[in-house]
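Sequence positions, counted from 1, serve as the residue numbers for this chain. First listed ligand is number 1; within each ligand, the first listed atom is number 1.
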Amino acid sequence: MSTFLFNDIIVGPIRSRRMGLSLGINLLPTKIKFCNFDCIYCECGLNQPFTNSIEKELPSQAQVMEHLTHALQTMPQKPDAITFAGNGEPTIHSEFAQIIDGVIELRNTYSPQSEVVVLTNATQLHKINIVNALQKVDRCMFKLDSAIPETISAINQPANKDFLSNFVRNIQSFKGKKIIQTMFLRGLVNGKTIDNTAYVEIDALIEVYKQVQADEVFLYSIQRDTPIVLETVSKEELEKIAERMRNAGILAHIS
Ligand code: SF4
């Protein structure tokens, strides 16, 4: 199925169900996805072998500032959100913390009503400068698609196999608002059935949401093309899962 890469540093704006009118910032290369996960549903496609020079393809802080200034100055309608997303994991950019400071400054100058939002897989929260940067933004949405290590390996294929224990520890100590987003899907991948809507999966997720004291969780399913064929979970099913979570005291939304 056809996936796509963002072809610039600034993308959009696009209408997003969660963010409203959202102007995207892509801190990753434009010709290849660069991520320490390799999610089977990633709309940017599956990882290709990284070269040693890939870091050189990332935009500099100065380029990001220049492109964002231009976009904010020329947009006919200011965005509801300035959202870090793009062709991979934004927090692996070596200047991420400085870029956050610069983006907040530009937002304050040109579009004070816009939220600064970061979508992240939460893998860099062992670094104090990343935590400090994320605690400055208006909304930080952490990815957690399963609370069972085997399912995480199958869905997200993280580079670090200790992802779950690190996630729990780091989100527990995170001082900002704890918003978690969870993608639900089913599929047959390499002869193995994957279904994170199963009862045992939801129980495990509820347990981890509680352990980390999540403020809110957003549940969603596949909305765009994926690199391999996967089954979308219907709104009705998502609503049932959300209801179970709400009954367990979790503030769960469908998005
Ligand atoms: S974390 Fe995001 S960018 Fe990375 S593989 Fe998963 S969906 Fe794609």
Side-chain angles (χ1 to χ4, degrees), residues 1-9 11-12 14 16-19 22 24-50 54-55 57-59 81 83-94 96 99 117-127 130 134 137 139-164 166-167 170-171 179-187 189-190 194 196 205 217-233 255:
M1 297 169 83
S2 73
T3 52
F4 76 97
L5 290 166
F6 296 100
N7 62 2
D8 211 335
I9 299 170
V11 185
I14 55 157
S16 151
R17 269 182 287 197
R18 273 170 289 175
M19 257 68 80
S22 170
I25 300 185
N26 170 37
L27 297 186
L28 291 311
T30 52
K31 295 201 167 50
I32 185 171
K33 180 181 123 191
F34 186 31
C35 194
N36 51 6
F37 271 16
D38 196 10
C39 303
I40 55 174
Y41 59 80
C42 183
E43 64 191 40
C44 300
L46 295 176
N47 288 350
Q48 305 299 315
F50 303 135
I54 195 162
E55 298 267 347
E57 295 176 39
L58 307 187
T83 307
F84 287 81
N87 300 331
E89 171 53 35
T91 63
I92 60 179
H93 191 296
S94 61
F96 179 77
I99 290 171
V117 180
V118 179
L119 308 183
T120 174
N121 64 17
T123 52
Q124 303 301 300
L125 295 181
H126 54 290
K127 298 176 183 166
I130 301 293
L134 292 175
V137 305
R139 241 192 308 168
C140 190
M141 303 188 71
F142 302 105
K143 180 189 294 298
L144 182 72
D145 294 333
S146 172
I148 296 179
E150 295 72 34
T151 311
I152 293 171
S153 293
I155 295 180
N156 307 112
Q157 309 188 79
N160 184 341
K161 299 301 169 211
D162 295 328
F163 167 74
L164 183 59
N166 292 339
F167 180 93
N170 291 329
I171 302 293
I179 307 174
I180 296 179
Q181 56 173 352
T182 301
M183 156 72 85
F184 286 98
L185 54 80
R186 297 190 194 92
V189 182
N190 298 328
I194 297 173
N196 65 343
L205 278 167
V217 303
F218 285 83
L219 316 182
Y220 68 121
S221 189
I222 296 160
Q223 290 154 6
R224 302 207 176 94
D225 279 354
T226 52
I228 54 178
V229 178
L230 295 166
E231 187 188 328
T232 301
V233 176
S255 68

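Taking every heavy atom of both residues into account, Gly88 and Cys35 meet most closely at CA-CB, 4.0 Å. Shortest non-hydrogen contact noted between Ser16 and Ser22 is CB-CB, 4.3 Å. Contact record, Leu28 with Pro59: O-CD, 3.9 Å, taken as the closest heavy-atom pair. Nearest heavy-atom pair, Glu89 versus Asn121, reported as atom, atom and distance to 0.1 Å: OE1-N, 2.8 Å.
Heavy-atom distances between Gln157 and ligand 1 stay at or above 4.0 Å for every pair.
Under 4.0 Å from ligand 1, not a single heavy atom of Glu43 appears.
With a cut-off of 2.8 Å, atom 4 (Fe) of ligand 1 has an N, O or S atom of Cys35 in range.
Those atoms of ligand 1 that come under 4.0 Å of a heavy atom in Lys33, given as number and element, are 5 (S). Against a heavy-atom cut-off of under 4.0 Å, Cys42 is close to the following atoms of ligand 1: 3 (S), 5 (S), 7 (S), 8 (Fe). The contact set between ligand 1 and Gly88, taken as ligand atoms under 4.0 Å from a residue heavy atom, comprises 3 (S).
With a 6.0 Å cutoff to the six-membered ring centre and a 45° limit on the axis angle, Arg18 counts as a cation-pi contact of Tyr220.
Taking 4.5 Å as the limit, some side-chain heavy atom of Leu205 sits within range of a side-chain heavy atom of Phe184.
The shortest contact between atom 2 (Fe) of ligand 1 and any protein heavy atom is with Lys143 CE, 4.0 Å. Taking atom 6 (Fe) of ligand 1 as the reference point, the nearest protein heavy-atom neighbour is Cys39 SG, 2.3 Å.
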